[in-house]
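Data block below; observations after.
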There are 2 protein chains.
Amino acid sequence: MNKKEIQEQRVKGYFIEATKEILKSEGLKSVSVRNIADRAGYSFATLYNYFKDVKDLVFLCVKDFRAECSEYVTAHTAGVTPGNRRLKATVLAYMEYFIQYPGIFELFFVEKLSEVDNKGNTTGLVTSLLTELCAADWKYCIDKRMLTAREATLKQAALLYSITGLLTLYLNRRYPESYSAFLKQAGQLIDGQLKN
Amino acid sequence: MNKKEIQEQRVKGYFIEATKEILKSEGLKSVSVRNIADRAGYSFATLYNYFKDVKDLVFLCVKDFRAECSEYVTAHTAGVTPGNRRLKATVLAYMEYFIQYPGIFELFFVEKLSEVDNKGNTTGLVTSLLTELCAADWKYCIDKRMLTAREATLKQAALLYSITGLLTLYLNRRYPESYSAFLKQAGQLIDGQLKN
DNA sequence: CAAATATATTGAACACTGTTCAAAAAACAG
DNA sequence: CTGTTTTTTGAACAGTGTTCAATATATTTG
């Protein structure tokens, strides 16, 4: 039945929305079956009629947050000169988003998936985001003969790993100790990767 | 009394040893108060007479693992030509150690500390390890006029972030998908950072 | 050595976690 | 309204970390 499917999607949406709210406000540590269900207005047991387990539900949020992060970055880099300038602005905005929502960083890069969740393919969604956001500017640099395609691929990978590492250390270990020091490191990192 | 202190350190050692065993074999997910106490031969309640909470105990393992990792790396880079060659070998051995013990990577870079645990200063122990292991070779490169001191500092930081990010993505998201692809990325990353 | 005191160890209890399942409630069909 | 199907639900179970009063073990004292 179509009606059933619509209603099912609606209820699923309530649970997903509740989970996203908790992730953005209190973070991953506060995400629990009872907590989600309370916010969604259902019993905790109802959750299991719509999702096979809580991890399944949690990782369904990745798609939405990916889109939100994408919008955040494009909104904060509108009007910046294409090429290296916008590349740097893009990466900085990307980091800003996760600094603002540490729970989403945890969800994207830290929290273990349940088991073979090849369906959602979280890894692909997560790792392709920065690549996608930078794609136009890498292409710009290649077209302007500032880089070869191979160099761009290498730099893009290096940038993804560096940024992920810096965010990991800052969010989990407060390293560097201050936000200004973090920003300085981020700047040096990006400049270092783009130079030459 | 000195006798009391010796005995206290002994019992503490039993708990720490038990925790380290679990971390190396089953990983962080299997570390629980009851699990540790069972292995140590005590009741779970006894643990709280020696440590303020389980996180306190867990992070006391960092010091030992740091030393172990250090030994692992120096043992696996003995006889390698100093400079860029040994720098690369050092970083690769450093990664190997965490690939071998993913639970220790989690402990070092992921697991949240309880509260202000400034006493143990986990962050310092963790972030200074790679720096320490590479120090002699950076110095070598500077002395040989291959790098300026400032360049070395920048490259050292970039390397720490890249390596941490690559390990994070590989251990938590299986990205890249195979170990051989991971090693290839690691090689490219190190070469890229060391070049020029 | 025996009694009194101090210390160490312990299990019960509490509040949480995720998950399952049979019973109750609601929706739908005839 | 009755009978059937679907949805929702709380009880229950096995886990988690932590606290605390009771017990068992050492140590000191008479």
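Here is how names work: the chains are called A, B, and so on, in the same order as the sequence lines, proteins then strands, and each is numbered from 1. All values below come from the heavy atoms of this structure, side chains included, with hydrogens, waters and symmetry mates left out.
If A:Ala45 and A:Val33 are placed on DNA chain C by their nearest nucleotide, the residue sitting closer to the 5' end is A:Val33. DNA chain D is contacted by both B:Val31 and A:Tyr42; A:Tyr42 maps to the nucleotide lying nearer its 5′ end (nearest heavy atom per residue).
Summarising the local packing, NZ of B:Lys112 is surrounded by more than 12 heavy atoms from other residues, nucleotides or ligands at distances under 6.0 Å. Annotation for A:Glu177: atom CD does not count as buried by contact number, only 12 or fewer foreign heavy atoms lying within 6.0 Å.
Rounding to whole angstrom units, CG of residue B:Asp38 and P of C:dG11 are separated by 10 Å. The interatomic distance linking B:Tyr48 (OH) with C:dT9 (C1') rounds to 15 Å, in whole Å. For the pair B:Asn49 CG and D:dA22 C1', the interatomic distance rounds to 14 Å; values are reported in whole Å. Taking atom CG of A:Leu47 as the reference point, atom P of D:dT9 lies 12 Å away to the nearest angstrom. Distance CD (A:Glu26) to P (C:dC16): 14 Å, rounded to an integer number of Å. D:dT18 atom P lies 10 Å from atom CG of B:Leu57, rounded to whole Å. Atom CZ of B:Phe44 and atom C1' of D:dT18 are 9 Å apart (whole Å). The separation between B:Gln7 atom CD and C:dT9 atom P is 9 Å, rounded to whole Å.
A tilted orientation is assigned to the rings of B:Phe108 and B:Phe65, their planes being inclined by 30° to 60°. Using a 30° and 60° split on the angle between ring planes, A:Tyr175 and B:Tyr161 fall in the tilted class, from 30° to 60°.
The shortest distance between the side-chain N/O atoms of A:Ser43 and the OP1/OP2 oxygens of D:dT8 is not below 4.0 Å. Within the structure, a side-chain polar atom (N or O) of A:Tyr50 is placed less than 4.0 Å from OP1 or OP2 of D:dT8.
Within the nucleic acid shown, A:Ser32 comes within 4.0 Å of sugar-phosphate atoms alone, with no base atom in reach, counting heavy atoms only.
Using a distance-only test at 3.5 Å, with no hydrogens or angles considered, no donor-acceptor pair links the side chain of A:Arg34 to the main chain of A:Phe44.
A donor-acceptor contact under 3.5 Å links the side chain of A:Arg34 to the base of C:dG18.
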